[in-house]
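Predicted, not measured: the structure shown is a model, and the values here were computed from it. Side-chain atoms are counted along with the backbone in the values below, which use heavy atoms only and exclude waters and symmetry mates. All chains are named by letter (A, B, ...) in the order of the sequence lines, taking the proteins before the strands, and each is independently numbered beginning at 1.
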Amino acid sequence: MPELPEVEVVRAGLAPAVTGATVAAVVVDDARALTRHAAGVADFCARLTGRRMLGAARRGKFLWFPLAPDGEGAPEAVLGHLGMSGQMLLRAAGADRERHERVRLSLDHPLHGELDLVFADQRTFGSLAVDALVPTDDGEPAGRGTLDPLLPAQARHIARDPLDPAFRDRAFVAAVSRTRSAIKRVLLDQGVVSGIGNIYADEALWSARLHPETPSDAISSRRAGRLLAEVRAVLERALAEGGTSFDAQYVNVNGQAGYFAHSLNAYGRGGRPCPRCGRPIERIAFTNRASHFCPRCQRMPEAG
DNA sequence: TAACCGACCTGATGGC
DNA sequence: TGCCATCAGGTCGGTT
């Protein structure tokens with residue numbers, strides 16, 4: 001379940017390998033991995049083959065590799081989203097096929113020589129595309145790993161993430177106060193704040209002592225600011241530990257797992273004691289998924 | 001327009 | 001042992 005820390009680990013791992021590399025060949029094993037590329041497999045391969053990649057950038061859970069200009073055309077990038085189970089793996093040129101391999105880019109790097117970038121994805125919720133780059137709304141760099149104020153058109157609706165220097169805390173606090181939706185729903189809304197998924201939403205709400213179903217407009221500005229601070233803290237801790245791995249679904253570019261699963265306080269701990277007060281963590285259904293929280297530390301505010 | 005919900009997808013797991 | 005149901009959840013489009 002790659003969320004911001006996991007995607008950032010992947011981005012940072014890929015950056016040295018893809019920056020300056022030329023795409024020598026593209027092999028698509030499964031067209032479902034290109035659902036974001038509406039023009040189809042042949043167009044994807046034709047647009048990408050022979051192009052040079054300029055770096056590895058990320059906003060929220062979206063990754064992209066800007067491409068060197070191709071004639072007079074608009075600036076473009078390879079856009080990727082890992083979905084639920086996507087992996088981007090660096091392998092020696094010609095290495096054996098990976099389980100669930102969907103797309104392989106053969107790269108020629110001026111320093112590292114030939115290597116393969118493999119996109120593998122069990123559940124095929126992730127996908128790649130060659131996408132046009134468009135200007136950011138605020139003129140600031142588009143995300144981590146790039147100084148250009150350009151981001152893929154398909155990621156235009158995605159808000160900045162809380163670790164982005166250009167993230168606007170005030171806009172987040174205002175968005176929280178604007179809606180009656182459950183606060184967890186707001187945290188998962190990638191148009192308000194990006195990079196947070198089910199795991200880190202539960203963890204941040206546990207840290208902030210907020211019930212996941214608290215109506216957002218019942219949360220004071222000060223409390224919303226504290227929640228944002230807890231979001232940042234949990235994301236940074238997870239990043240420092242290499243992300244959260246429950247199984248083989250999330251690994252870095254070398255196939256290694258992260259360690260943050262050992263540090264979780266609420267997510268996946270239903271029935272086990274709250275690390276703060278000892279009361280069993282509750283697990284409740286939440287829009288076709290699950291929320292985990294402490295019924296003592298995270299109480300719903302009194303009505304009225 | 002905001003809020004909500006189901007579809008998409010595969011593999012692991014548990015119950016019978 | 002084998003079959004079936006359930007669960008995991010990010011994003012997007014359709015519905016209310």
Side-chain angles (χ1 to χ4, degrees), chain A residues 1-8 10-11 29-38 58-64 79-88 97-103 119-129 131 151-159 161 174-205 212-218 231 235 238 243-251 257-258 260-261 264 266-271 281 283-293:
Chain A
M1 290 142 253
E3 304 181 29
L4 185 154
E6 294 77 32
V7 181
E8 175 56 23
V10 170
R11 186 205 66 78
D29 275 3
D30 190 331
R32 292 175 300 176
L34 299 181
T35 51
R36 291 182 177 276
H37 192 87
R58 178 192 57 77
R59 175 184 288 208
K61 304 170 196 171
F62 280 83
L63 277 171
W64 69 92
L79 169 73
H81 195 291
L82 301 179
M84 284 292 301
S85 54
Q87 301 174 339
M88 292 203 187
R97 188 180 185 281
E98 294 288 329
R99 197 180 183 204
H100 307 306
E101 179 168 332
R102 309 297 182 193
V103 178
F119 178 65
D121 188 9
Q122 179 202 102
R123 293 180 216 176
T124 67
F125 283 12
S127 68
L128 306 178
D131 199 14
L151 81 166
Q154 292 187 48
R156 182 163 32 189
H157 64 293
I158 299 297
D161 63 66
V176 168
S177 68
R178 251 199 319 267
T179 176
R180 286 195 61 79
S181 286
I183 185 61
K184 181 167 174 180
R185 190 179 291 278
V186 176
L187 289 182
L188 293 176
D189 185 342
Q190 305 297 303
V192 173
V193 54
S194 68
I196 305 169
N198 207 37
I199 299 171
Y200 298 115
D202 280 1
E203 290 301 301
L205 289 166
E213 293 178 336
T214 306
S216 293
D217 62 357
V231 168
L235 292 177
T244 302
S245 301
F246 295 113
D247 51 28
Q249 291 315 312
Y250 161 67
V251 292
F260 194 68
L264 296 173
Y267 182 85
R269 290 176 51 88
I281 295 289
R283 180 184 181 282
I284 59 173
F286 171 80
T287 61
N288 290 335
R289 57 191 76 173
S291 283
H292 308 78
F293 68 101

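Applying the 4.0 Å criterion to OP1 and OP2 of C:dT11, one finds that A:Gln190 has a side-chain N or O inside that range. Note on A:Arg180: every side-chain N or O is 4.0 Å or more away from OP1 and OP2 of B:dA2. Within the 4.0 Å cut-off from OP1 or OP2 of C:dC12, at least one side-chain nitrogen or oxygen of A:His157 is found. Close to C:dT11, at under 4.0 Å from its OP1 or OP2, lies a side-chain N or O of A:His81. Proximity of A:Thr35 to the phosphate of B:dC8: no side-chain N or O atom is located under 4.0 Å from OP1 or OP2. Taking side-chain N and O atoms only, A:Arg123 has no distance below 4.0 Å to OP1 or OP2 of C:dG10. Residue A:His100 places at least one side-chain N or O under 4.0 Å from the OP1 or OP2 atom of B:dG11.
Across the helix from B:dA2-C:dT16 to B:dC16-C:dG2, the helix axis at one end is tilted relative to the axis at the other end by 50° (nearest 10 degrees, each axis from five pairs).
In this structure, the CD1 atom of A:Ile196 is 11 Å from the P atom of C:dG10, given to the nearest Å. Summarising the geometry, the separation between CZ on A:Arg178 and P on B:dT1 is reported as 14 Å, rounded to the nearest angstrom. Here the P atom of nucleotide B:dA3 and the CG atom of A:Asp217 are 10 Å apart, to the nearest Å. Remark: P of C:dT11 and CG of A:Leu34 are 18 Å apart, rounded to the nearest angstrom. Whole-Å rounding puts the A:Gln122 CD to B:dA12 C1' distance at 9 Å. Atoms CG (A:Leu188) and C1' (B:dC4) sit 14 Å apart, rounded to a whole Å. With rounding to whole Å, A:Phe286 atom CZ is found 17 Å from C:dC7 atom C1'. Rounding to whole angstrom units, CG of residue A:Leu4 and P of C:dG10 are separated by 13 Å.
No donor-acceptor pair under 3.5 Å is formed between the side chain of A:Gln87 and the backbone N or O of A:Phe119. A donor-acceptor pair under 3.5 Å links the side-chain atoms of A:Ser85 to the main chain of A:Arg123, judged by distance alone. The backbone N or O of A:Gly60 sits nowhere less than 3.5 Å from a side-chain atom of A:Glu3 that would complete a donor-acceptor pair. Remark: side-chain polar atoms of A:Ser181 are not paired, donor with acceptor, to backbone N or O of A:Val186 under 3.5 angstrom.
Judged by closest nucleotide on DNA chain B, A:Thr179 is the one of A:Arg289 and A:Thr179 placed further toward the 5' end.
Among the nucleotides B:dT10, C:dG10, C:dC12, the one closest to the side chain of A:Arg32 is B:dT10. Closest to the side chain of A:Arg185, out of C:dT11, B:dC5, B:dC9, is B:dC5. Taking only side-chain atoms of A:Arg36, from C-beta outward, the nucleotide of B:dC9, B:dC4, C:dT11 with the closest atom is C:dT11.
Residue A:Arg36 places its CZ atom among more than 12 non-hydrogen atoms of other residues, nucleotides or ligands, all under 6.0 Å distant.
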| field | Check against side chain to side chain contact (heavy atoms under 4.5 Å, CB included), A:Arg185 and A:Thr179 | value | CA-CA 10 Å; A:Arg185 190 179 291 278; A:Thr179 176; over 6 Å; no

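Atom-to-atom distance recorded for A:Ile158:CD1 and A:Lys61:NZ is 8.5 Å, nearest 0.5 angstrom. Interatomic distance, CG of A:Asp121 versus CG of A:Asp29, reported as 12.5 Å (0.5 Å rounding).
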